[in-house]
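Read through the structure below, which is laid out as structure tokens, and then see the notes.
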Amino acid sequence: MKVIFLDFDGVLNSPITSIAYERLITPLDPTLCKAVGVLAEETGAKIVISSTWRKLHTFITMHDLFIAHSNKLADAIISPRDLGDIDTN
């Protein structure tokens, strides 16, 4: 199984994202979310959230947030518990 360990800050958003969306809290950038979703789909990779956001929000809340930006990204997200034994070859 291919796995992408995904951080959010600086990957799915940036200071420019806050300016573009006129928000104090940095939201996720829809374009970047779609790009990561396409990356996961084209490589067949699953995504594990390694961001500190995982400590602030439930898995379901983050999944719903991704659905709002990219179904491909939302479909690729898995829980770390779903990894099991990973073949490193």
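Computed from heavy atoms alone, side chains included, the values below leave out hydrogens, waters and symmetry copies. None of the values given here were measured: they were computed from a predicted structure.
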Measure the spacing between NE2 of His63 and OG of Ser79 and express it to the nearest 0.5 Å.
12.0 Å
Tightest non-hydrogen contact, residues Thr43 and Leu39, listed as OG1-O, 2.8 Å
Spacing of NE2 belonging to His57 relative to CZ belonging to Phe8, to within rounding of 0.5 Å:
8.5 Å
Can you measure from CD1 (Ile49) to NZ (Lys55) and round to the nearest 0.5 angstrom?
13.5 Å
Name of the residue among Leu28, Leu12, Leu32 meeting side chain to side chain contact (heavy atoms under 4.5 Å, CB included) with His69
Leu28
With sequence neighbours left out, write down each residue that passes side chain to side chain contact (heavy atoms under 4.5 Å, CB included) with Leu56, or none if nothing qualifies.
none
Step by step, work out the side-chain contact (heavy atoms from CB on, under 4.5 Å) result for Asp75 and Phe66.
CA-CA 9 Å; Asp75 291 344; Phe66 289 133; over 6 Å; no
Side chain to side chain contact (heavy atoms under 4.5 Å, CB included) with Thr52: which residues, sequence neighbours excluded?
none
Of all residues at least two apart in sequence or in a different chain, which pass the side chain to side chain contact (heavy atoms under 4.5 Å, CB included) check with Ile47?
Ile4, Leu6, Val36, Ala40, Leu73, Ala76, Ile77
What is the minimum heavy-atom distance between Ser70 and Gly37, and which atoms define it?
OG-CA, 4.2 Å
With side chains defined as the heavy atoms from C-beta onward, is the minimum distance between Ile78 and Met1 less than 4.5 Å?
yes
